[in-house]
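Working notes for the structure below.
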Number of protein chains: 10
Amino acid sequence: MLFHVEMEVRIPHDLPAAEADAIKAREKAYAQDLQRQGKWVHLWRVAGRYANISVFDVESVDELHTILSSLPLFPFMDIRVTALARHPSAI
Amino acid sequence: MLFHVEMEVRIPHDLPAAEADAIKAREKAYAQDLQRQGKWVHLWRVAGRYANISVFDVESVDELHTILSSLPLFPFMDIRVTALARHPSAI
Amino acid sequence: MLFHVEMEVRIPHDLPAAEADAIKAREKAYAQDLQRQGKWVHLWRVAGRYANISVFDVESVDELHTILSSLPLFPFMDIRVTALARHPSAI
Amino acid sequence: MLFHVEMEVRIPHDLPAAEADAIKAREKAYAQDLQRQGKWVHLWRVAGRYANISVFDVESVDELHTILSSLPLFPFMDIRVTALARHPSAI
Amino acid sequence: MLFHVEMEVRIPHDLPAAEADAIKAREKAYAQDLQRQGKWVHLWRVAGRYANISVFDVESVDELHTILSSLPLFPFMDIRVTALARHPSAI
Amino acid sequence: MLFHVEMEVRIPHDLPAAEADAIKAREKAYAQDLQRQGKWVHLWRVAGRYANISVFDVESVDELHTILSSLPLFPFMDIRVTALARHPSAI
Amino acid sequence: MLFHVEMEVRIPHDLPAAEADAIKAREKAYAQDLQRQGKWVHLWRVAGRYANISVFDVESVDELHTILSSLPLFPFMDIRVTALARHPSAI
Amino acid sequence: MLFHVEMEVRIPHDLPAAEADAIKAREKAYAQDLQRQGKWVHLWRVAGRYANISVFDVESVDELHTILSSLPLFPFMDIRVTALARHPSAI
Amino acid sequence: MLFHVEMEVRIPHDLPAAEADAIKAREKAYAQDLQRQGKWVHLWRVAGRYANISVFDVESVDELHTILSSLPLFPFMDIRVTALARHPSAI
Amino acid sequence: MLFHVEMEVRIPHDLPAAEADAIKAREKAYAQDLQRQGKWVHLWRVAGRYANISVFDVESVDELHTILSSLPLFPFMDIRVTALARHPSAI
């Protein structure tokens with residue numbers, strides 16, 4: 001089951017750089033692990049923004065929320081989820 | 001799997017009344033049938049508006065979209081879907 | 001009388017973690033107590049967000065506001081209330 | 001129980017004038033009757049707009065919705081309801 | 001002359017509690033004084049929010065602004081004013 | 001007493017041209033008469049839009065609403081009123 | 001080069017059904033042809049809406065606009081394009 | 001003096017095609033004439049939309065408004081103007 | 001050449017009061033000087049807000065931006081500029 | 001390939017002035033270098049705002065994002081990208 005997810009990152013400017021870098025490194029490892037598992041099936045950067053557009057393939061909404069709320073950057077993100085259905089013209 | 005659905009109805013004022021009434025009658029029968037099946041688990045009227053807030057319990061997003069796009073009033077509705085997960089404080 | 005309530009939580013990142021944890025623990029206990037009393041009748045997590053969609057069953061708007069403004073997380077929440085009426089197609 | 005209600009009227013320009021006038025006359029009678037009953041406790045015109053801000057005093061949300069959806073102009077109105085509680089500084 | 005005023009309060013979480021409490025106490029006294037003078041004719045709490053909806057009866061816009069900008073909570077409020085006229089259906 | 005008024009005109013494209021022209025001619029005469037009376041003290045065109053920004057000087061909100069709702073183009077306008085007070089730095 | 005495209009369809013209710021059906025049939029054929037060419041790489045239905053979220057892979061913005069403005073449903077669509085870049089965490 | 005202008009075209013679907021085509025042909029001739037005069041200095045299509053982003057070089061706001069309100073498509077356009085100043089980093 | 005300018009002031013609550021007062025004093029002197037020069041031709045307070053609506057009469061957009069960006073409160077303001085043209089019904 | 005880019009700068013008021021000045025100096029040098037390379041083809045100041053409207057000419061969206069995300073002010077900017085196509089009426 002596919003979900004379209006937009007994530008916008010807003011790291012407070014007074015978060016110490018070392019702390020921010022550590023979070024980002026964990027975020028990257030986490031994102032790559034989920035891609036390898038086939039859960040995070042698309043991950044694109046929105047041009048000009050610290051943001052991404054992603055598609056997740058999960059068994060349930062609970063699984064999706066568990067994945068998203070475990071993102072190391074979750075406390076600094078604004079996330080919007082859109083449920084996707086099969087399009088009748090898709091081949 | 002639960003989805004929160006807001007439906008706002010906007011019937012054009014120049015739709016013949018008989019046609020509008022027939023659509024509304026089919027909508028009601030359809031809505032009640034889905035409630036009996038346990039798919040449309042909550043259906044509330046938004047006070048002051050020709051709108052409802054509903055919760056659906058479906059197997060998949062495809063099933064949800066099939067149900068919603070088959071609503072007799074679908075061509076006259078603005079629908080927003082929000083995916084719901086279990087809340088950790090829910091008992 | 002039913003009210004639909006959306007709550008979005010925004011805890012400032014510079015709130016000490018121990019303080020935030022204590023507030024969240026009180027919030028959980030409070031939410032579960034209200035559920036047991038039959039006041040907080042539905043509580044769902046919005047997928048991907050630190051937010052919930054809830055339904056309260058109260059005697060009056062005053063009771064609703066007293067409940068909501070007593071939430072331990074109230075100072076950090078953006079809350080929207082929608083009054084719900086019986087839907088003519090509800091069974 | 002008090003509810004704040006904003007009503008914006010948008011009558012389609014191709015509705016025959018006689019029909020529009022008849023609806024407005026019924027609307028006025030209906031509004032004045034509800035004021036006399038003590039249900040429609042405040043009714044103000046928003047300066048510059050075909051709109052009003054009102055306060056209703058009702059027993060329940062169901063009663064409020066029944067009143068509002070029975071407005072002769074209801075099909076041509078955009079209505080927003082806000083639930084009001086007692087303010088701790090009100091005397 | 002009546003004006004509809006919506007006030008939303010946003011007190012920064014790092015304002016010392018004693019300072020916030022002192023401001024709120026002065027706000028309450030000020031609001032009650034204006035009510036006794038017949039200037040602040042309605043004051044309602046918006047359910048679920050640290051906000052109010054009010055109606056003021058003043059001689060002029062200058063008087064209204066003087067009253068509002070003197071609110072002890074003014075620096076922490078977002079205020080919207082709507083000018084009210086007599087409604088032709090009001091009795 | 002001054003009020004800032006924004007007016008946006010949206011004439012339906014299927015209104016007969018002769019009817020639209022007649023309304024506009026009456027609008028112009030009405031606007032110029034009010035300017036001569038000193039009620040409509042400023043009238044500017046918003047560049048690129050069929051819209052204006054105006055300032056009215058009236059005795060009361062009731063007078064303002066009577067003037068605005070009597071505009072020949074009123075049924076085709078979206079109007080927003082902002083109450084103006086004296087600015088402490090104005091000379 | 002990838003572009004994220006959201007398309008919302010709004011067919012006027014007074015468009016004759018036969019005409020609407022003919023346009024939709026051409027839209028489907030066109031969409032499937034572009035998918036076979038590898039230009040329209042993803043096509044998902046937004047649950048509950050007559051809308052889709054798509055990703056196109058094109059040589060240039062001019063090619064993208066030529067494709068989109070040639071959609072049989074283009075006159076009835078609201079389309080938003082977002083330029084996508086490679087995400088540094090994508091594998 | 002430069003002004004940034006966004007134009008969005010919305011031609012009603014029930015405008016006869018011949019009439020629409022005639023307006024568009026006049027629009028094109030008019031746009032090209034203004035470009036040759038050096039008034040309409042940039043004209044770009046917004047990808048995926050019946051819209052453009054333009055820059056005009058004019059002597060005054062009055063000249064700009066005269067040009068824009070004379071566009072054959074003006075009655076069907078939503079136009080937004082942004083005044084541009086020299087940027088200190090521009091070379 | 002006239003420009004309509006809306007300025008909303010948001011001074012951070014943790015700016016020392018003495019510093020804020022000094023900036024406001026300079027702002028007032030600057031505003032009054034520009035009014036005496038005939039550049040800042042109207043200056044009104046928006047009732048209920050720390051905001052103003054102004055009209056400037058300048059030779060060019062560059063002059064306007066120089067004036068606005070030199071406002072002592074500029075770093076704490078949200079400013080919106082609207083270009084004004086002569087209205088055909090203005091006398 | 002052209003992209004329209006709007007950049008709004010919001011530097012936190014508690015960033016030390018020396019740090020802010022150093023970032024702005026690097027931003028200026030970077031912007032001028034990209035203009036000399038023919039990548040940043042237009043750069044205008046939005047009157048009244050700490051914002052610009054720009055047009056970039058790049059080989060790909062990846063190149064655009066690399067340029068934008070390397071802006072020294074990038075962490076303090078809100079950036080919106082619009083893909084531009086050739087306009088059929090452009091000469």
Side-chain angles (χ1 to χ4, degrees), chain H residues 1-10 23 26-27 30-31 33-44 46 49 51-91, chain I residues 1-10 23 26-27 30-31 33-44 46 49 51-91:
Chain H
M1 211 160 38
L2 300 181
F3 290 90
H4 178 271
V5 180
E6 296 164 89
M7 306 183 201
E8 183 97 29
V9 187
R10 289 196 195 88
I23 295 171
R26 281 191 288 126
E27 177 86 10
Y30 181 82
D33 185 44
L34 283 161
Q35 288 174 78
R36 282 186 207 100
Q37 290 177 43
K39 297 291 182 190
W40 195 327
V41 291
H42 297 292
L43 170 56
W44 298 291
V46 177
R49 301 187 74 86
N52 71 67
I53 290 178
S54 294
V55 176
F56 287 81
D57 186 357
V58 291
E59 295 300 307
S60 67
V61 178
D62 283 334
E63 184 187 3
L64 177 69
H65 185 69
T66 301
I67 288 172
L68 295 177
S69 60
S70 304
L71 286 163
L73 282 169
F74 183 74
F76 307 120
M77 274 178 168
D78 183 45
I79 296 182
R80 298 189 194 197
V81 170
T82 305
L84 298 177
R86 195 175 189 288
H87 194 287
S89 300
I91 60 175
Chain I
M1 215 163 32
L2 301 181
F3 291 89
H4 179 271
V5 179
E6 296 163 271
M7 306 184 201
E8 183 98 29
V9 186
R10 289 196 195 89
I23 295 171
R26 283 191 286 126
E27 178 85 11
Y30 181 81
D33 184 44
L34 284 161
Q35 288 174 80
R36 282 186 207 101
Q37 291 177 43
K39 297 292 181 189
W40 195 328
V41 290
H42 298 293
L43 170 56
W44 298 292
V46 178
R49 302 186 74 86
N52 71 68
I53 291 179
S54 294
V55 176
F56 286 81
D57 186 356
V58 291
E59 295 299 308
S60 68
V61 178
D62 282 335
E63 186 188 0
L64 176 68
H65 185 69
T66 300
I67 288 172
L68 296 176
S69 60
S70 303
L71 287 164
L73 281 170
F74 183 75
F76 307 118
M77 276 179 166
D78 183 45
I79 296 181
R80 297 187 194 201
V81 170
T82 305
L84 298 177
R86 196 179 186 287
H87 194 286
S89 300
I91 59 175

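Chain identifiers are assigned alphabetically (A, B, ...) following the order of the sequence lines, protein sequences preceding nucleic acid strands; residue numbering begins at 1 within each chain. All values below come from the heavy atoms of this structure, side chains included, with hydrogens, waters and symmetry mates left out.
Enclosure of atom CD in Glu59(H) is not indicated, since only 12 or fewer non-hydrogen atoms of other residues, nucleotides or ligands lie within 6.0 angstrom.
A pairwise comparison of heavy atoms in Ala83(H) and Val61(I) identifies CB-CG1, 3.8 Å as the closest pair.
Taking His65(H), Met1(H), Glu63(H), Arg80(H) one by one and counting their heavy-atom pairs under 4.5 Å with chain I, the maximum is reached by Met1(H). Ranking Leu2(I), Leu84(I), Thr66(I) against chain H, the residue ahead of the rest is Leu84(I), based on heavy-atom pairs under 4.5 Å.
Leu64(I) does not touch chain H: none of its heavy atoms, backbone or side chain, sits under 4.5 Å away.
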